[in-house]
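Letters A, B, ... mirror the listed sequences (proteins, then strands); counts begin at 1. As the structure is a prediction and not an experimental result, all values here were calculated from the model.
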There are 2 protein chains.
Amino acid sequence: MGVTKSEIFTDAQNEIATLAKAFAHPARVAILHQLFKSETCICGDLVDEIGLAQATISQHLKELKNLGLIKGNIEGTSVCYCINQDKWQEMKQLLTAFFDQDIKSNCC
Amino acid sequence: MGVTKSEIFTDAQNEIATLAKAFAHPARVAILHQLFKSETCICGDLVDEIGLAQATISQHLKELKNLGLIKGNIEGTSVCYCINQDKWQEMKQLLTAFFDQDIKSNCC
DNA sequence: TTTGTTTATTGCAATATTACGATTAATAAT
DNA sequence: ATTATTAATCGTAATATTGCAATAAACAAA
């Protein structure tokens, strides 16, 4: 018990859930927002900008990177993080398609 | 520790995270998909359709209802669940606006 | 080489989520 | 009234997530 039964769902359903998890925590939303609006996207700047410990930000960055939504370039001792635009578009398509479903019958 | 620090994020960031949680589990994705495509939206049918226990489905339905994304109408002994289209549109707008952000500078 | 800077990882504690059996509540059917 | 049906809730167990201090790793600067 307590473990998600991925095997009983379709691939599409699991994929949507996995992608949605990226946005299911305000710290990750804040990180992504920062990456969109900011000139620089150095990890350390994100730590300063958002008020969480360095280890915590690093962990959230790792999750976003694992999903492929961001990528990191090493620049000397620091790492520059950016949105992975290809993957971002792919995610956007999948989720907006889900949001744009139209109702077959509205019984209530 | 282990508790999300909602107070350090903006209302918009918290709202996006809260809404995204609706889709962050495949069972809820499956439930919503079923509500969109199905003629009937009786709780019991969802239990049959998706392979989870009645208590589990009921719990997921409660979460979706708390978010306002679905509503339930009592019909005799059964309950008919449906998408709340107003809230669905509102959610869609908020999330697609986030997805449609355009990048200021792409440094990597 | 030694020191400083920056990020990743480890280890741990606490909270949150997921799942389900058992029970309860509410209505329908007999 | 009794029984059956349906859904919500309670209690509990297990896994997942969040957060951070401490440490490690990797590189730059002196």
Under a 4.0 Å heavy-atom cutoff, the residues of residues 47-56 of chain B touching DNA chain D are B:Gln54, B:Ala55

Counting only heavy atoms and a strict 4.0 angstrom limit, can you tell me which residues of residues 17-28 of chain B come near DNA chain D?
none

Nearest to the side chain of A:Thr77 - C:dT7, C:dT5, D:dA7?
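Closest nucleotide to the A:Thr77 side chain: C:dT5.
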
Do other residues, nucleotides or ligands put more than 12 heavy atoms under 6.0 Å from the [atom1] atom of [X]?
X	atom1	value
A:Asp11	CG	no
B:Gln93	CD	no
B:Ile74	CD1	no

Nearest-angstrom distance from the residue atom [atom1] of [X] to [atom2] of [N]:
X	N	atom1	atom2	answer
A:Glu7	C:dT18	CD	P	15 Å
B:Asp45	D:dT6	CG	C1'	11 Å
B:Ile57	D:dT6	CD1	P	16 Å
A:Ile31	C:dT7	CD1	P	13 Å
B:Leu46	D:dA8	CG	C1'	15 Å
A:Ile42	C:dA8	CD1	P	11 Å

Judged by atom type as modelled, is there a donor-acceptor pair below 3.5 Å linking the side chain of [X] to the main-chain atoms of [Y]?
X	Y	result
B:Thr56	B:Leu52	no
A:Arg28	A:Lys21	yes
B:Gln13	B:Thr10	yes
A:Ser78	A:Glu75	yes
A:Ser58	A:Gln54	no
B:Gln101	B:Phe98	yes

Between D:dT6 and B:Tyr81, is there an OP1 or OP2 to side-chain N/O distance shorter than 4.0 Å?
no

Taking 4.0 Å as the cut-off, does a side-chain nitrogen or oxygen of B:Ser58 come that near to OP1 or OP2 on D:dA8?
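Yes.
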
Members of residues 59-68 of chain B that approach DNA chain C, where some heavy atom sits under 4.0 Å away
B:Gln59, B:His60, B:Glu63

Both A:Phe9 and A:Ser78 contact DNA chain C. Which one's nearest nucleotide lies toward the 5' end?
A:Ser78

Do A:Phe23 and B:Phe99 have their ring centres less than 6.0 Å from each other?
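Ring centroids of A:Phe23 and B:Phe99 are less than 6.0 Å from each other.
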
Student check: side-chain heavy atoms of A:Trp88 and A:Leu32 closer than 4.5 Å
yes

